[in-house]
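Below is one structure, written out as structure tokens; comments come after it.
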Amino acid sequence: MDLILKNARLVTAPDAAPVDIGIEGGKIVAIGPMLSGEAEVYDAGGRLACAGLIETHIHLDKSRIIDRCPPPEGRRVNPVTTVAPLKPAMTVEDIYARAETTLKECLVNGATRMRTQVEIDPAMGLRGFAAISALADAYKWAIDIEPCVFPQDGLTNYPGTEELLVEALKAGARVLGAAPRYDSDPTAQVDRIFALAREYDVDLDLHLDVGDSTEHMDVRRVLELTERFKRGGRVVVGHMAKLSLMPPAESAAMARRLADAGIAVTVLPATDLYLMGRDQDHNVRRGVADANLLVAHGVNCSLSTNNVLNPATPYGDCSLIRMANMHANVLQVRHPKELRECFAMLTERSARLLNLTDYGLAVGNPADVVVFDAQTPEQAIAEIRNPLAAFKRGRQTMMRKPPELLRP
Ligand SMILES: [Zn+2]
């Protein structure tokens, strides 16, 4: 073996005794007590280990532009119209440099896999796609990155956008997104995106249903088309903040419809907390969909970062553990088993949502292992215990020492 990770508490059995993980040729070849052999050794000291955190939804291409955007006047904000005028000046080099800084933050916070949303339209051209593709290639030693190309500024009302999306799909993009809220005809955008997904046989990951009322919900059309075209298991909807406006019985009924259709949900707590309730000047609603409730009704969910340092989310450190902690605070999660479920929404559930078939601490899988300064998943989230070490295909990619108090 090349490496033995000793005394790791497996995320799948955190209450059992720690075990050793044997790694050879970039893969996990053995899991069990007291593995021995000629190999390098990393001692996890009985700490929690998982196969790494997964960002299923993060906009690397428009991260770190908050210093280019004036703060909003008044309560109403529109991040899309704030970012749009900046696009012509965004070069491949500029996008790459900002995305790289954000990616490095994700890596030190334990991410080993990622789906990143990439904007494509005539103002942006394919520069974001080029920058992210180059970045994915340069960092494949540390993380697997899958771009999801999508029209942020409208599709049916923005001539030239569809042609560019098609170019990206022909260039190998395997996931297509949408943002119907910013289209003059949201339903027509959803229809067009489903048609393209069928034509190019790609998965869908759509921004959906942020807003102040449940009167119109794009998810209804998405449900209809997912069922009609049998796309269950290949459709993800992100945000779904409007679910938080529904009484529990109604959101539970919607959850069961999503589960039956095979549509997964990514909850994006930071952005929705920042953007929702802008119609209110006091008693402002929280506006974050309850991922635990969705899971309880059979929906597969992930929690993700979405935006970092831009007008949609002016803050962020790319810590998914902190994001799960935020979700737990906002949704008033209390039960340890629900916190454990939140950890799954950063890991194993996220892997299922991305249709990954080789994720997890199991013999035969790539040796992606992340060690947390915690004993259990629920402790990691409750106390925001970030990772101490990460390994990608058996090679250590990151280390962090726990902080120490110095004597006077
Ligand atoms: Zn997004």
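Note that ligands are numbered from 1 as they come in the structure, with each ligand's atoms numbered from 1 the same way.
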Just checking Glu224: does its CD atom have more than 12 heavy atoms from other residues, nucleotides or ligands closer to it than 6.0 angstrom?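 Yes, the 6.0 Å shell around CD holds more than 12 heavy atoms from other groups.
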
Glu348/Arg352 salt bridge by N-O under 4.0 Å criterion: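 Counted as a salt bridge, because a side-chain N and a carboxylate O are separated by less than 4.0 Å.
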
Any ion pair linking Arg76 and Asp212 (charged N to carboxylate O, less than 4.0 Å)?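 The answer is yes: the pair qualifies as a salt bridge.
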
The Zn ion (ligand 1): angle it makes with OD1 (Asn306) and NE2 (His59), nearest 10 degrees: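 That angle works out to 90° after rounding to 10°.
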
Where the Zn ion (ligand 1) is the corner point, what angle links NE2 of His207 with NE2 of His57, to 10°?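 NE2 of His207, the Zn ion (ligand 1) and NE2 of His57 span an angle of about 90°.
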
Within 45° of the six-membered ring axis of Phe372 and under 6.0 Å from that ring's centre, is NZ or CZ of Arg385 located there?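 No, Arg385 does not lie over the aromatic ring of Phe372.
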
Please confirm if an N, O or S atom belonging to Asn307, backbone or side chain, lies less than 2.8 Å from the Zn ion (ligand 1).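 No, outside the cut-off.
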
